[in-house]
Amino acid sequence: MATAVPASVITVVGVGADGWDGLAPAAREALLGAATVLGGPRQLELLPPEVTAARVAWPSPLRPAVPGLLAEHGDRRLCVLASGDPMFHGIGRALAETVGAERLHVLPHPSSVAYACARLGWPQEDTEVVSAVGRPLANLNAALSDGRRLLVLSAGAGTPAEVAALLTGRGFGASRLRVLEQLGGGRERVLDGTAADWPHPAADPLNIVAVECAGPRAQLVPGLPDDAYEHDGQLTKRHVRAATLAALAPAAGELLWDVGGGSGSIAVEWLRAHRSCRAVSVERDAVRADRIRRNADALGVPRLEVVTGRAPDALAGLPVPDAVFIGGGLTAPGLLQACWDALPAGGRLVANTVTLESEALLTEWYRRHGGELVKLAVAHAVPVGGFTGWRQAMPVTQWSAVKTSEAGRAGVEEEQ
């Protein structure tokens, strides 16, 4: 016998392409006893006549409407229909964030990812999943690497062709694509082909795209090649960038301010460290700000927020950072102090410079606040006539420090 669920609890029922026939007894019982059922139009159409509850379709956009609809219908026995597993790229997250997990009773169905891996014979734990539902398809760029297996959750019938075009444009045209439609239902079907020669202009709206990547390999650690970025010379070069990311020490869920973004390379590689990392790049030049956005898309982190404006004024109103990187404009009045003041206890600040004036400023901050002051020098082997010699790049002075307490807010006078 199913456990009784209080009327104040919202029951979330996962449903697949097999509809009512594929639901477990507990899920059927919840829907038969509901006063209201919320869901997408396609999901609501799967319910048989014996479900007598009022059927309310989600509006578009969905997320802003969730609190109001739950408040309107939550005083009666309410069921929410979701595709597959509600807690895997589904409505379950929005519901939990709105009313709290304790008010949810979730009855999952096998997800489309579980079905796809079963059909393909792919271990689910080794398969990367990228969602195109309500998210930029550019997120897929971060997952591309030769030999990798990916599943793309489609936003609709046109997603497979969009995936094929993106792969081809990124040098992955030889990748095999399989589009799995209506998984678990009576109209299940698989479309097959390669990205460069994808022959299917549209698919069933209920589909998932399987990608076997064939193309360039992609490195995972910071320090991407300089030619991975579009830039006008304002770029933290590869070896210094790797050292800078090591000093910034990104962790899951943390927020970076990238002040003086240039080409956005520090913020981009911070975001590539973990999918939950967040970053804001502040750049005063509008042309460079647009370039940062293009680099973020190309390298798979379109979630990078770009603020066009001059720091420190442009920092006002930004969320509290866990780390700050200053890549330019150190001698701007009040900039270093504003960034230091914005950090909470335990926050990190890293600043790079190649000028003597800014180096003197960092030396003074190092004297008063401690941390680590290093000089990074990189030389590259180049032809010298018939021989080989070293060409020295401009050395970079780097100051990094952890703000140990709010007492660390006491500033220093900046040298101009």
Side-chain angles (χ1 to χ4, degrees), residues 136 138-139 141-142 222-238 240-245 247-248 250 254-273 277-343 347-355 357-358 361-362 376 394 396-400 414 416:
N139 283 312
N141 287 322
L224 297 178
D226 291 344
D227 61 9
Y229 293 93
E230 179 188 346
H231 65 90
D232 59 2
Q234 292 296 311
L235 174 73
T236 302
K237 299 302 191 292
R238 181 180 193 177
V240 174
R241 191 184 330 126
T244 300
L245 267 295
L248 286 167
E254 290 190 331
L255 171 67
L256 171 74
W257 286 3
D258 176 20
V259 182
S263 300
S265 62
I266 296 295
V268 165
E269 295 191 30
W270 169 281
L271 291 171
R272 284 170 62 92
C277 285
R278 298 167 294 140
V280 179
S281 188
V282 180
E283 171 55 54
R284 64 183 177 84
D285 184 275
V287 173
R288 288 178 179 162
D290 287 340
R291 188 178 293 121
I292 291 171
R293 294 183 182 95
R294 292 195 296 273
N295 282 330
D297 283 354
L299 291 166
V301 288
R303 65 187 184 278
L304 173 58
E305 180 183 351
V306 182
V307 173
T308 306
R310 187 183 296 272
D313 292 346
L315 306 178
L318 295 182
V320 175
D322 298 286
V324 176
F325 171 65
I326 306 175
L330 267 171
T331 57
L335 174 60
L336 189 49
Q337 186 66 59
C339 291
W340 186 255
D341 287 347
L343 286 168
R348 288 98 61 204
L349 189 145
V350 177
N352 290 355
T353 188
V354 296
T355 70
E357 292 78 7
S358 293
L361 176 61
L362 293 183
L376 305 171
M394 290 186 70
V396 175
T397 299
Q398 180 181 92
W399 177 59
S400 60
E414 294 196 24
Q416 304 300 317

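All values below were derived from every heavy atom in this structure, side-chain atoms included, with hydrogens, water molecules and symmetry-related copies excluded.
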Interatomic distance, CG@Asp322 vs CG@Leu248, rounded to 0.5 Å, equals 11.5 Å
Looking at [Y], is its backbone amide N or carbonyl O close enough to the side chain of [X] to form a donor-acceptor pair, meaning the two atoms are under 3.5 Å apart?
X: Trp257; Y: Val320; value: no
X: Ser263; Y: Gln234; value: yes
X: Thr353; Y: Thr355; value: yes
X: Trp270; Y: Arg278; value: yes
X: Glu283; Y: Arg288; value: no

* To do: Compute whether any side-chain donor of one residue and acceptor of the other, for Asn352 and Thr244, lie under 3.5 angstrom apart.
  => yes
In the structure I gave you, are the side-chain heavy atoms of [X] and [Y] within less than 4.5 Å of one another anywhere?
X: Leu299; Y: Asn141; result: no
X: Ser265; Y: Asn295; result: no
X: Val324; Y: Leu343; result: yes

Salt bridge (charged side-chain N to carboxylate O under 4.0 Å, His left out) with [X]: which residues, sequence neighbours excluded?
X: Arg291; value: Glu230, Asp232
X: Asp313; value: none
X: Arg303; value: none

ask   = Could you walk me through whether Leu336 and Ile326 pass the side-chain contact (heavy atoms from CB on, under 4.5 Å) check?
value = CA-CA 8 Å; Leu336 189 49; Ile326 306 175; 3.5 Å; yes
With Val280 as partner, the option from Leu256, Val307, Val259, Asp258 fulfilling side-chain contact (heavy atoms from CB on, under 4.5 Å) is Val307
Minimum heavy-atom distance between [X] and [Y], given as atom pair plus value:
X: Leu335; Y: Gly329; value: CD2-O, 2.9 Å
X: Ser281; Y: Ile292; value: OG-CD1, 3.6 Å
X: Ala332; Y: Ala311; value: CB-O, 4.4 Å
X: Leu271; Y: Cys277; value: CD2-O, 3.1 Å

Report the residues that fulfil side-chain contact (heavy atoms from CB on, under 4.5 Å) with [X], sequence neighbours left out, ordered by chain and then residue number.
X: Pro302; value: Pro136, Ala138, Asn139, Asp297
X: Ala296; value: Val268, Val301, Leu304
X: Thr308; value: Ala286, Ala289, Arg293
X: Ala247; value: Val350, Gln398, Ser400

side-chain hydrogen bond (donor to acceptor under 3.5 Å, both in side chains) filter on Arg238, not counting sequence neighbours, yields Gln219
*asked:* Please determine whether a side-chain nitrogen of the Lys or Arg among Arg241 and Glu269 lies less than 4.0 Å from a carboxylate oxygen of the Asp or Glu.
replied: yes
